[in-house]
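All remarks here apply to the structure that follows.
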Amino acid sequence: MKPNIGIIQAMIRIAAGVSMVGYATAALVTKPKQLTAHLTLLAGAIKIAEGIVRYCPSMTLINQFRQKQDSQGE
């Protein structure tokens, strides 16, 4: 996997992921069976992982779509 996001964007993803995990943890303490807190926890963990490895699968798909659109426009 070749990194496809920059270092600043990676830091932003890590910070956002830590915030999401913190929010979800606090929500799960009060209501342990809350589905949205579980989903927020999962999304935060994914954002932290994307920031650490500097690879985002969604960015790969977006870049491929853009290249396809550019090649069709010419």
Side-chain angles (χ1 to χ4, degrees):
M1 288 185 308
K2 182 180 166 187
N4 64 354
I5 59 174
I7 191 73
I8 293 175
Q9 193 174 16
M11 294 296 177
I12 292 170
R13 286 173 190 258
I14 292 171
V18 168
S19 297
M20 292 169 75
V21 168
Y23 168 78
T25 303
L28 286 172
V29 167
T30 58
K31 296 180 183 177
K33 295 188 180 200
Q34 190 176 10
L35 179 63
T36 56
H38 285 281
L39 294 176
T40 304
L41 183 66
L42 179 64
I46 290 170
K47 288 297 165 195
I48 291 171
E50 287 176 356
I52 290 172
V53 298
R54 292 182 52 202
Y55 178 77
C56 178
S58 300
M59 291 298 289
T60 301
L61 292 174
I62 290 169
N63 290 337
Q64 287 176 354
F65 178 74
R66 285 182 183 166
Q67 288 175 354
K68 187 176 180 182
Q69 291 296 322
D70 289 343
S71 67
Q72 287 178 357
E74 294 177 0

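Note that the numbering runs from 1 along the sequence shown for the chain.
- For CD1 of Ile8, the number of neighbouring non-hydrogen atoms (other residues, nucleotides, ligands) closer than 6.0 Å is 12 at most.
- Exactly one of Gln72, Gln64, Arg66 qualifies for a side chain to side chain contact (heavy atoms under 4.5 Å, CB included) with Lys68. That residue is Gln72.
- Taking each heavy atom of Ile5 and Cys56 in turn, the nearest pair found is CG2-CB, 4.2 Å.
- For Pro32 against His38, the heavy-atom pair with the smallest separation is O-NE2, 3.2 Å.
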Under 3.5 Å, which donor-acceptor pairs link side chains of residues 43-52 to any protein atom two or more places apart or in another chain?
residue: Lys47; atom: NZ; partner: Glu50; partner atom: OE1; Å: 3.2
residue: Glu50; atom: OE1; partner: Arg13; partner atom: NH1; Å: 2.6

Validation: residues 18-28 side-chain donor-acceptor distances under 3.5 Å, sequence neighbours left out:
residue: Ser19; atom: OG; partner: Ala15; partner atom: O; Å: 3.0
residue: Thr25; atom: OG1; partner: Val21; partner atom: O; Å: 2.7

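- The minimum heavy-atom distance linking Tyr55 with Met1 is given by the pair CD2-SD, 3.6 Å.
- In this structure, Phe65 is not a member of the same hydrophobic cluster as Met59, with clusters built from ILVMFWY side-chain heavy atoms closer than 4.5 Å.
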